[in-house]
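First comes the structure, then the notes that go with it.
We name chains A, B, ... by the order of the sequence lines, and we start the count at 1 in each one.
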Protein chains: 2
Amino acid sequence: MAFPCLDALETRSAKLEAKSLSSGPEPTYTVGATEVFHCVDPLLLDWGGVLPEFDIAYETWGQMNADKSNVILLHTGLSASSHAHSTESNPQPGWWEKFIGPGGCLDTDKYFVICTNVIGGCFGSTGPSSIDPADGQKYATRFPILTMEDMVRAQFKLLDHLGVEKLYASVGSSMGGMQSLAAGVLFPSKVGRIISISGCARSHPYSIAMRHTQRQVLMMDPNWNRGFYYGKVPPHAGMKLAREIATVTYRSGPEWEQRFGRRRADPTKPPALCPDFLIETYLDHAGEKFCLTYDPNSLLYVSKAMDLFDLGRINQEVAAQRRAERLELLQSGSQTGVNNASCSLTLPESPYAEQTDSEPPIDESVMSLPADSRPPEDLIAGLTPLRDIPTLVMGVASDILFPAWQQREVANALRLAGNRNVGHVELSEEQSMFGHDTFLLDLKNVGGNVKNFLG
Amino acid sequence: MAFPCLDALETRSAKLEAKSLSSGPEPTYTVGATEVFHCVDPLLLDWGGVLPEFDIAYETWGQMNADKSNVILLHTGLSASSHAHSTESNPQPGWWEKFIGPGGCLDTDKYFVICTNVIGGCFGSTGPSSIDPADGQKYATRFPILTMEDMVRAQFKLLDHLGVEKLYASVGSSMGGMQSLAAGVLFPSKVGRIISISGCARSHPYSIAMRHTQRQVLMMDPNWNRGFYYGKVPPHAGMKLAREIATVTYRSGPEWEQRFGRRRADPTKPPALCPDFLIETYLDHAGEKFCLTYDPNSLLYVSKAMDLFDLGRINQEVAAQRRAERLELLQSGSQTGVNNASCSLTLPESPYAEQTDSEPPIDESVMSLPADSRPPEDLIAGLTPLRDIPTLVMGVASDILFPAWQQREVANALRLAGNRNVGHVELSEEQSMFGHDTFLLDLKNVGGNVKNFLG
């Protein structure tokens, strides 16, 4: 029996092996020229780690006005670079190419748009594939655990550097939709408006579960080598499959029904265990395109940061307390306990016991039902810093990763927190059947609402 | 950095390695005593393969009456054995323990209930882990491609053997819900009633995509060894993760929100890349429980058979034609072309090209929208053999793997095919938040409707 999909993986391993022997390490992931801000101040992270210095790669479009009041900070999804739009030094189309430009949704005749690569990423900002200044080696899995808020704090260091005191708007989709909210919570006086598209205020268990399976498949690839693959064959097979799983969550049923249905790639051939149905070859191709273009360790750290995202007040308070303790430790000159956060969690001794045929325990203080019921008080309290910031929350009914109830929850919580300027738009299945990825594709509905709101 | 989840996998590999050296091959997957029907007639399969002889493992409950008119054939889900209920020779509780028994939903005071292990499985029926009589070696991936209909034909060979001319009812959930319909389509005169719970008449792309990722993660485990792992360390890591992905599709968002929410397994520990949130430890545990109890090759073949399931008329006609050609070949004494179906499908040379910002091509002749629109004519025609068989179709609103629109589609297609005795029950999210697995858990709603329908 032939398995061409496995043959292809083995061929690529062999090619990469030969390449790493002949020409040194794997390609750098950075594509195209960016600006780089090198921050020499240490960055204290929410879970206790410290980056003694760091880089932020960024790109800009439009002109900053004299009083620096027209700046839009655009936040990216998980795997995107700062290249949201083509630039003079990098004419390749960006991931929001059609949304940015003169007269566009993000109108560069009016606004100065900044997009950064997040810390933890691999497109020029400091991340696991960067050199640890402490020893001149790449961080790999010695890199500290990150949060969304850490990424946003680093972005605001860049804004400080550029002399921007207040953003005209904080805008983002998907993970960027988390960050656009987090920016307002962390720096309410520095954010003029917020647009959060297909994002949320806290990750829900299905999304954690799907990212968990992506991390696990990557970590199980022997080439991952517990994170120390730099200069060797990277875990391309694990990355490919992780991207295939992710792609399932990025798109949606209705689109796939229409586009792929049950069609096989080649109906004249007998069925195969390797990709066979058109939907399988589509996923295979999505994985192929991605597997060598993004740093596997970045995927682990950034996806974990998404899991940890929770703008509830308790989580904010606990993080603030942890930061205060760390800061005291650092200021006392003690290095003990810094950067020693280990992934040493072990499974509980008695594993989770299935409870059949009985009502599950209801704990509404922790999570609300995904209905239009009142958001939990903890979340309303946590979003109170946004009460005076006009906010547009957008969702897509066909999104399975950031389902529409999450954006309704954000909008409701903001209103209950006293915000009288909350817009909420939900695109129906008739308007978009593209699921989560709608924000990349739907210039008319997503772009149109963005433009309207920015005014 | 510590990775206890990877340590655990390595420890298990080492243990299994030591065991296979000291005591021979891996444990057999069969658990508990069953009846076995050994069929000496060859079984021609839909995709051209032939099983020269085969076993069907089965268990029964209740008493067959004198005219053999009280027989219920119960079809299983993908990974289940024939052990639906405890027996004298195997007192362990079965997977539908509470649904079967005197006075129960499947009332053993009235009915004689038969449950079989499907061919392709590993619980006593012939499958990839069985010996190929041609050479005395285990089939492994030399086993021929199967369909749901092949499994059902094998079951009816058992019924022939038992002298059962007509079933009182064909009953099944999930994959078994596919088979209960297929039984009626293949043998309309031999099926008195049909109950199809959380099943469908053809697999849809999201379900194919999710099974694809499970097969891929398994096939990428180096221990899978292209299917030839018998007597060696089985691909337990791949199996574990495949089950974790499957578990995501078996349960649902609402239940997880309430049961796990965002709770971490041990909030006193720093975040981990290994399982950390409670939902992750739950998935990890589900994978652990499963990874050595089911044959990996069985998972591949049976899950592929689910993908191939399509009761549309065109698919039935093409299969019938292929079977006729094979049969002629076999009867002419030629062995050429038998059992040579290879998984040799290669990817198309120009991969799928993403079409952004444009309407996807609509091909309603192939798939309908998951709305309550009219099912495709091909499906209505394909279900015409069931027009005179009373049928109960049940679905669960919180099911993401076999979504409720699929059962509505079956019920609508049956009615449009002229069946005047179609019951359709859809459990709302308020009735069940357990998603696809509801059929295993909800004695009241699922069991109650089964009992009512059987009368």
Side-chain angles (χ1 to χ4, degrees), chain A residues 1-4 47 141 145 205-206 208-209 212-213 216-217 220 226 237 241 244-245 248 253-262 265-266 269-274 276-277 279-283 285 300 308 310 341-348 351-352 356-357 360 362 366-367 370 441 443, chain B residues 1-4 47 141 145 205-206 208-209 212-213 216-217 220 226 237 241 244-245 248 253-262 265-266 269-274 276-277 279-283 285 300 308 310 341-348 351-352 356-357 360 362 366-367 370 441 443:
Chain A
M1 209 187 224
F3 295 101
W47 279 97
T141 41
I145 288 283
Y206 173 83
I208 295 173
H212 163 82
T213 61
Q216 285 286 312
V217 70
M220 276 188 195
R226 303 195 175 207
L241 188 46
E244 294 189 47
I245 296 171
V248 175
E255 181 210 357
W256 284 359
E257 296 297 333
Q258 291 210 2
R259 191 174 280 193
F260 305 116
R262 296 188 38 76
D266 186 347
K269 297 251 174 76
L273 293 176
C274 278
D276 174 346
F277 283 92
I279 178 64
E280 294 180 282
T281 65
Y282 166 78
L283 292 177
H285 177 59
L300 295 174
L308 293 168
D310 180 2
S342 67
C343 287
S344 59
L345 188 103
T346 44
L347 289 173
Y352 179 79
T356 58
D357 227 12
I362 294 184
V366 178
M367 287 298 285
L441 303 167
L443 186 63
Chain B
M1 210 186 220
F3 295 101
W47 279 96
T141 41
I145 288 283
Y206 173 83
I208 295 173
H212 163 82
T213 61
Q216 285 286 311
V217 71
M220 276 188 195
R226 303 197 175 205
L241 188 45
E244 294 189 48
I245 296 170
V248 175
E255 182 211 356
W256 286 359
E257 296 297 334
Q258 290 209 2
R259 192 174 279 192
F260 304 117
R262 296 188 39 75
D266 185 347
K269 298 250 175 76
L273 293 176
C274 278
D276 173 347
F277 283 92
I279 179 64
E280 294 181 282
T281 64
Y282 167 77
L283 292 176
H285 177 58
L300 295 174
L308 293 169
D310 179 1
S342 67
C343 287
S344 58
L345 188 103
T346 45
L347 288 173
Y352 178 80
T356 59
D357 227 10
I362 293 184
V366 179
M367 286 298 285
L441 304 168
L443 186 63

Close side-chain approach of [X] to [Y], heavy-atom, < 4.5 Å:
X	Y	result
A:Leu241	B:Met220	yes
B:Val248	A:His212	no
B:Phe3	A:Thr141	yes

* Asked: If you measure from CG on B:Leu273 to CZ on A:Arg226, what distance do you get to the nearest 0.5 Å?
  -> 12.0 Å
* Structure fact -> Greatest number of non-hydrogen atom pairs under 4.5 angstrom with chain B, of A:Leu300, A:Leu283, A:Asp310, falls to A:Asp310
* Asked: Where do A:Gly261 and B:Pro205 come nearest, in terms of heavy atoms and distance?
  -> O-CG, 3.4 Å
